[in-house]
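Scope of the values below: all heavy atoms of this structure, side chains included, with no hydrogens, waters or symmetry mates.
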Amino acid sequence: MAATFEVAGAAAWVGVAVAQAGISREMVRDLIVTAVERRFGKIKVPHAAE
């Protein structure tokens with residue numbers, strides 16, 4: 001359980017650092033999507049997720 005709190009704390013700290021650097025949440029989201037697509041390829045789902 002302690003590891004969960006450490007990860008959450010690290011994520012919060014990174015979020016503050018990223019915000020101060022002028023990087024938006026959308027930019028981070030797009031980077032993550034691009035990295036996942038590059039690693040696993042684009043996956044088509046049978047219907048839209050809600």
Side-chain angles (χ1 to χ4, degrees):
M1 194 115 161
T4 303
F5 292 121
E6 290 175 15
V7 170
W13 183 85
V14 169
V16 170
V18 165
Q20 290 177 349
I23 301 172
S24 70
R25 291 180 181 187
E26 291 79 18
M27 294 168 93
V28 173
R29 181 199 61 214
D30 292 344
L31 176 64
I32 292 170
V33 168
T34 301
V36 170
E37 285 178 345
R38 186 172 292 172
R39 170 63 178 91
F40 298 105
K42 291 185 180 183
I43 300 172
K44 295 189 178 194
V45 294
H47 51 80
E50 292 185 19

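Between the OG1 atom of T34 and the CZ atom of R29 there is a distance of 10.0 Å, given to the nearest 0.5 Å.
Within a 6.0 Å radius of CZ in R38, other residues, nucleotides and ligands contribute 12 heavy atoms or fewer.
Criterion: ILVMFWY side-chain heavy atoms under 4.5 Å apart, direct or through other members. Under it, V33 and V28 are not part of a common hydrophobic cluster.
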